[in-house]
Amino acid sequence: MEPNRILVLQLKRIGDLLLTTPALSVLQEIFPNAAITLLTEKSCAGMLSAIPGVRAFARGQKGFWGAAMAGHDICLDFTGTDRSALLTILSRAKNRATFSRFQKKIPQRLAYTHFVDSSVRNRHTADHYTDLLKVLGIPRENEPLRLCLPQDVVLAASALIPKSPYAVIHAGTARPEKYWLPERWAEVATALAKDHGLHIVLTGSNDFAETDHLAAIRNAMPRDIAVIDLSGKTGLPELAAVIQGAAIFCGVDTAAMHLADAVKTPCVALFGPTNPFHWRPRHTRSTVLRARTMEPFTPDQQGGAMSEISAEQVISAVSIFILGD
């Protein structure tokens, strides 16, 4: 099966889109002459210019439905929802593939010609997604995330950071159980500034809970440490570019962590209740700190509260990266 026109459906969150980039890279490698079209959710629109080698549309953008119905040799659906099943049918592709775990649903049984076995529980999410390529006879493992940021985005991000070198702290997330204590973030930021001479950049959204959390971190820091707060001031591409230019990234399990993984910035990622086995960054300059468990991570490990991670653990991990450079 050597397709010339490939439709890829990834209609989940931005983190899932980033974790699909290894599969997209492999498709481009194996089929360099194929036209690859990517359809995503609205929330992912800002990142599409940073995914090289594909023609991409977010739901709601002009051309989305036309791209779905343009005619394709194969449709690869990484999503498995009723909406993505509809898009799969509209693709008119002769070969239409998704994961076997969606086969129990009637719309999916009607929509697809191929179902691929892959254990979502026993695979890192990026490996789970590349497993779908087995329908094309392509087995792959541990492929890196990949982004290519446009130069204008890099320049726009550099204008937001008047001082260098700097460290990025991304402390916020949509899930409150992933929050770490503000005073411990303040200890880490203080060590980064005073022990390693790094300027401190806080990133995040403009969500009230997140901005309050960042304000608490700033208030817990010594007054003589300057902080650049970019929360709510960057889109996803600019955030990726800010992270790309950093000496180190420290953050919780969220999309920004996946951005750090994709742009290969040294990364210290904090995990509490969620399992890093499925979501951790995997590039060689990253490390994961998790309450109660240590590497090698397994699918059945139970985490603990974020408060069980000490500031000393994070400061030690940060120092290893920085002094190693």
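Model, not experiment: these values are computed from the prediction.
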Min side-chain heavy-atom separation Asp261-Phe249 under 4.5 Å: no
field: His213/Tyr179 aromatic ring centres below 6.0 Å
entry: yes
query: Heavy atoms, side chains only, cut-off 4.5 Å: are Lys194 and Asp224 in contact?
result: yes
query: Do the side-chain N and O atoms of Gln28 and Arg146 include a donor-acceptor pair separated by under 3.5 angstrom?
result: yes
task: Rounded to the nearest 0.5 Å, what's the gap from CG on Asn275 to OG1 on Thr298? Could you check?
output: 6.5 Å
- request: Using modelled atom types only, decide if a donor and an acceptor are shared between the side chain of Thr211 and the backbone of Phe208 within a distance under 3.5 Å.
  value: yes
message: Can a side-chain donor-acceptor contact be found between Glu143 and Thr130 if the only test is distance below 3.5 angstrom?
response: no
query: Between Lys42 and Gly60, is there a donor-acceptor pair closer than 3.5 Å when you use the side chain of the first and the backbone of the second?
result: no
query: So, Asp229 and Ser231: side-chain donor and acceptor under 3.5 Å apart, yes or no?
result: yes
- prompt: Between Ala189 and Ile200, which heavy-atom pair has the shortest distance, and what is it?
  reply: O-CD1, 3.5 Å
- prompt: Side-chain donor-acceptor pair under 3.5 Å between Thr40 and Gln10, yes or no?
  reply: no
- line: One should read off an interatomic distance between Ile315 CD1 and Arg184 CZ, to the nearest 0.5 angstrom, of 11.0 Å
Considering all heavy atoms, the nearest Ile225-Ala193 contact: CG2-CB, 3.9 Å
message: I want to check something: taking the side chain as every heavy atom from C-beta on, are Arg218 and Arg223 in contact at a cut-off of under 4.5 Å?
response: no
- prompt: Can Val188 be reached from Leu181 by stepping across I, L, V, M, F, W or Y side chains whose heavy atoms are under 4.5 Å apart?
  reply: no
task: Under the side-chain contact (heavy atoms from CB on, under 4.5 Å) rule, what do His258 and Ile14 come out as? Steps first, then yes or no, please.
output: CA-CA 9 Å; His258 298 306; Ile14 182 62; over 6 Å; no
task: Decide whether Ser84 and Thr81 meet the rule of one side-chain donor and one side-chain acceptor closer than 3.5 Å.
output: yes
query: Got a second to check how far Thr21's OG1 is from Leu145's CG, nearest 0.5 Å?
result: 4.0 Å
message: Any heavy-atom pair between the side chains of Asp82 and Leu86 that's under 4.5 Å?
response: no
statement: Heavy-atom nearest pair, Gly303 first then Arg290, reads N-NH2, 3.1 Å
- prompt: Do Asp77 and Arg96 touch side chain to side chain, with heavy atoms closer than 4.5 Å?
  reply: no
- request: Walk me through it: do Leu48 and Leu17 pass the test side-chain contact (heavy atoms from CB on, under 4.5 Å)?
  value: CA-CA 10 Å; Leu48 298 186; Leu17 174 61; 4.2 Å; yes
message: Hydrophobic clustering (ILVMFWY, side-chain heavy atoms < 4.5 Å, transitive) - are Tyr129 and Leu87 grouped together?
response: no
statement: On a heavy-atom basis, the closest approach of Ala171 and Val252 is O-CG2, 3.9 Å
- request: Carefully, step by step, assess Gln244 and Leu259 under the rule side-chain contact (heavy atoms from CB on, under 4.5 Å).
  value: CA-CA 8 Å; Gln244 181 174 260; Leu259 292 175; over 6 Å; no
field: Cluster check Val314, Ile248: I/L/V/M/F/W/Y, side chain < 4.5 angstrom
entry: yes
task: Verify the cluster assignment for Leu19 and Met257: are they in a single hydrophobic cluster under the rule of side-chain heavy atoms below 4.5 Å apart?
output: yes
query: Does some side-chain heavy atom of His283 sit less than 4.5 Å from a side-chain heavy atom of Cys267?
result: yes
- prompt: Could you give the distance from NZ (Lys134) to CG (Leu136), rounded to the nearest 0.5 Å?
  reply: 13.0 Å
query: If only atom types and distance count, is the side chain of Tyr166 paired as donor or acceptor with the main-chain N or O of Ile228 below 3.5 Å?
result: no
task: Answer with yes or no whether the side chains of His278 and Thr125 bring together a donor and an acceptor at under 3.5 Å.
output: no
field: Flag if over 12 foreign heavy atoms under 6.0 Å of CG, Leu110
entry: yes
Results of side chain to side chain contact (heavy atoms under 4.5 Å, CB included) for Arg292 - residues two or more places apart only: Glu308
- prompt: For Arg282, does the CZ atom sit with more than 12 other heavy atoms under 6.0 Å from it, leaving out its own atoms?
  reply: yes
Ala85 versus Tyr112, closest heavy-atom pair with distance: CA-OH, 3.4 Å
Ion pair Arg5/Asp73, N-O distance below 4.0 Å: no
statement: Rounding to 0.5 Å, atoms CD1 (Ile36) and CD1 (Ile6) come to a distance of 4.5 Å
query: If you measure from OG on Ser286 to CZ on Phe321, what distance do you get to the nearest 0.5 Å?
result: 6.0 Å
- request: Just say parallel, tilted or perpendicular for the rings of Phe99 and Phe78, cut-offs at 30° and 60°.
  value: perpendicular
- prompt: Does atom NZ of Lys105 have more than 12 heavy-atom neighbours from other groups under 6.0 Å away?
  reply: yes
field: Worked verdict on Arg280 versus Phe297 for side-chain contact (heavy atoms from CB on, under 4.5 Å)
entry: CA-CA 10 Å; Arg280 69 193 185 280; Phe297 300 112; 4.0 Å; yes
- prompt: Got a sec, which residues hit ring-ring contact (aromatic ring centres under 6.0 Å, His included) with His199, two or more places apart in sequence or on another chain?
  reply: none
Side chain to side chain, His72 and Pro3, heavy atoms closer than 4.5 Å: no
message: Under 4.5 Å between side-chain heavy atoms, counting indirect links through other Ile/Leu/Val/Met/Phe/Trp/Tyr residues: same cluster for Leu236 and Leu11 or not?
response: no
task: Report yes or no: does Glu210 contribute a side-chain atom to a donor-acceptor pair with the main-chain N or O of Ser205 at less than 3.5 Å?
output: yes
statement: Note: Asp131 and Arg140 closest approach over all heavy atoms is OD1-O, 4.5 Å
message: Would you say that Leu133 contacts Leu76 through its side chain, given a criterion of any heavy-atom pair below 4.5 Å between the two side chains?
response: yes
message: Please check this pair: side chain of Lys94 against backbone of Arg92, looking for a donor-acceptor N/O pair closer than 3.5 Å.
response: no
- prompt: Do Asn219 side-chain atoms and Ala215 backbone N/O form a donor-acceptor pair below 3.5 Å?
  reply: yes
